[in-house]
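Single-structure report; data block below.
Note: hydrogens, waters and symmetry copies are ignored here, and every other heavy atom, side chains too, is used. One-based numbering, in listed order, for ligands and for the atoms of each. Along the sequence shown, residues are numbered consecutively beginning with 1.
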Amino acid sequence: MPTKRQAARHASGGKGMKKRPTLVVDHDNLRYNMRTVTGWCRDAGIDVAGVIKVTTGMASVALDYEECGAKWIASSRLEQLQRAKDAGVKIPLLMIRVPMISELEEMIKVCDYSLQSSLDTLKALEAECLKQDRTHNVILMADLGDLREGFFEKEELVDVAEYVENKLDGIHLAGIGTNLGCVGSVKPTEEKMLMLADWAEAVEEAIGRPLEIVSGGATSSLMPVFDGVMPPKVNMLRIGAVTFCGPTEDLRTCYGRTEVDVMSDEAFILEAEVIETNTKPTHPIGELGVDAFGKKATYTDRGRRRRAILAVGRADYGDIDDLIPLTEGAQVTMASGDHTIVDIEDCKEQIRVGDVMRFKLKYSSILRLTASENITIEEKGR
Ligand SMILES: *Cc1c(COP(=O)(O)O)cnc(C)c1O
C-alpha cells in the first residue's frame, strides 16, 4: 500500500508539476536528422533549404538547421521567417508559398528569396522593390503535373523568365523550381526531374546566362537522390517533413524507403496525462448515431478491455492515426476534441491515473501540436 503522502504525490502528477500535455522537442535528435539530410544532399551536389513550417516556425529549429548545413531557411508564412530572423538566423530566408500581393511590402523586408508563379505578382513585386529600393530574388515555379503552383507551359515560363531578366530592375531571377507529391500526389520521378532540368536549360538559353538555382522539390524528391538518378542540374531541395519525422514520414510509410531508417523518429514526442483507467466494453451500448465530429463510426467488439483516457484530443493533434504509442501493447482507439482513448489491456506496465503516456508523431500532428495553445513545448538540447 502506498502511504497517504505517496498517493497524494502520485495524484498531483508524480515528479514535479510540469504543465501538460507537453510536446517534447529533442534538438539532438533533430540536428542528427538535419545533418543526415544535408549530408545526403551535399553528396549529390544539392543545397538544402530547411523548411520550418511544420513546427509552426520554431526559431530554435531554424537555428538548428542553419547549424546543420542548410543554405536557406524556408517557410510558407512571413511571421515564421520574421521569427527566425529575430532569433539571429544569418542565412537567407525563402518564402515558399507564392505570396499574396497584399504581403509583398512586408515580404521584401523580411526575406530575400521567394517562389513565384504569377506575372501580376511579379509586376507588383517590381513596383514594391523600386519603392523600397531593395532587390529581391525569385525562383519561378514550373508545374510539372502536380497541379499546385507554377507555370504550366514551358514557353510561358521561359517568356516570364525573360521578362523578369530584361524588364524588371528590382527583381533578380535566381532560378526555377517545382513542387511535386503535394495536392496531386505526383511522384518526383527521374522523368519529372529531367523535365525540370530541360526547362531550366531553356530559360538559360533565353537569358544567356546560367541560373543559380534549380529547385527540385521537397522531401519526396529525395527518392531520385537515393536512386542516384537526380540530374546534376538540380541543385536545391526544400526539405521539411523527413527531417522532423524520420521513419514516420511518407518516404518510409508509403514508399518503403528504408534509407530513412537511420534517422530518428523521436525528435518530437507528445506526453499526455491519464485521467481515467476503467475496464469497459469495446462496442458502444445503445442505438448508434454519429460521433462528436458528425461521422458515422464503426466499432469492433473485442469484449471488455482496460483503457486509459488521456487529457489531450483531436483539437490538439488532429487525427488519432498520427499518434504512435511508445508504450508497448497500447493502441489508440477513439478520440474527441479533448479526450483520447487508449486500449491498455495488453500493456505489460501498470498504467494509472496521473501517469504520462508518450507518443511518436506523424507530420500533421506535429503541425497542429506546435500551433495548439493548449500544448506546453519543452525543448531539450538547446
Ligand atoms: C511544404 C513545402 C516544402 C517542404 O515539404 P516537405 O514535404 O515538408 O519536405 C517544400 N516546398 C514547398 C513549396 C512547400 O510548400
Side-chain angles (χ1 to χ4, degrees), residues 30 33-34 36-38 40-41 46-58 61-62 65 68 70-78 80-81 84 93-100 107 111 113-118 121 138-151 174-188 192-193 196 213-226 234-255 257 259-260 263 265 267-268 322 361-368 370-371:
L30 198 50
N33 284 355
M34 288 169 173
T36 305
V37 164
T38 52
W40 282 330
C41 288
I46 292 169
D47 287 328
V48 170
V51 179
I52 59 170
K53 70 188 180 198
V54 69
T55 68
T56 316
M58 289 177 64
V61 169
Y65 239 141
C68 296
K71 294 285 161 49
W72 297 262
I73 294 299
S75 179
S76 49
R77 313 274 167 160
L78 290 180
Q80 299 184 6
L81 293 175
L93 304 174
L94 163 64
M95 173 69 166
I96 53 170
R97 199 244 288 106
V98 290
M100 299 180 270
M107 184 183 82
C111 63
Y113 287 78
S114 62
L115 307 185
Q116 297 287 338
S117 65
S118 149
T121 308
V138 299
I139 299 172
L140 299 183
M141 294 301 275
D143 184 347
L144 303 181
D146 200 65
L147 307 183
R148 205 176 74 178
E149 75 279 43
F151 297 99
I176 72 163
T178 194
N179 198 60
L180 293 160
C182 192
V183 299
S185 328
V186 173
K187 283 198 211 168
K192 294 290 181 191
M193 293 298 105
L196 180 67
I213 297 171
V214 179
S215 187
T219 288
S220 57
S221 293
L222 283 171
M223 288 193 278
V225 173
F226 292 154
V234 175
N235 62 6
M236 176 213 257
L237 291 181
R238 311 171 306 269
I239 308 271
V242 80
T243 296
F244 303 103
C245 302
T248 72
E249 209 268 338
D250 294 350
L251 272 186
R252 183 71 178 90
T253 58
C254 302
Y255 296 111
R257 298 308 303 229
E259 289 87 346
V260 301
M263 300 176 87
D265 54 7
F268 291 82
D322 291 343
L361 301 164
K362 293 194 193 167
Y363 183 87
S364 21
S365 60
I366 297 173
L367 180 65
R368 285 165 184 264
T370 50

Evaluate the side-chain contact (heavy atoms from CB on, under 4.5 Å) criterion for residues Ile46 and Val225: first the C-alpha distance (whole Å), next the side-chain angles of each, then the deciding distance (0.1 Å), finally the verdict.
CA-CA 9 Å; Ile46 292 169; Val225 173; 3.8 Å; yes

Check: Asp265 main-chain N/O paired with Thr248 side-chain donor or acceptor under 3.5 Å:
no

How far apart are the C-alpha atoms of Asn179 and Arg238, what are their side-chain angles, what is the distance that settles it, and do they pass the side-chain contact (heavy atoms from CB on, under 4.5 Å) test?
CA-CA 9 Å; Asn179 198 60; Arg238 311 171 306 269; 3.0 Å; yes

Nitrogen or oxygen contacts under 3.5 Å, ligand 1 side and protein side:
unit_1	atom_1	unit_2	atom_2	d
ligand 1	8 (O)	Ala241	N	2.7
ligand 1	9 (O)	Thr219	N	3.0
ligand 1	9 (O)	Thr219	OG1	2.6
ligand 1	9 (O)	Gly240	N	2.8
ligand 1	9 (O)	Ala241	N	3.3
ligand 1	11 (N)	Arg238	NE	2.8
ligand 1	11 (N)	Arg238	NH2	3.3
ligand 1	15 (O)	Lys53	NZ	2.8
ligand 1	15 (O)	Arg148	NH2	2.9

Using only atom types and a distance under 3.5 Å, with no angle test, would you say the side chain of Asp47 pairs donor to acceptor with the backbone of Leu237?
no

For a side-chain contact (heavy atoms from CB on, under 4.5 Å) check, start with the C-alpha distance between Val61 and Leu30, then their side-chain angles and the critical distance, and finish with the verdict.
CA-CA 8 Å; Val61 169; Leu30 198 50; 3.8 Å; yes

Does a sphere of radius 6.0 Å around CZ in Arg97 hold more than 12 heavy atoms from other residues, nucleotides or ligands, not counting ones at 6.0 Å or beyond?
yes

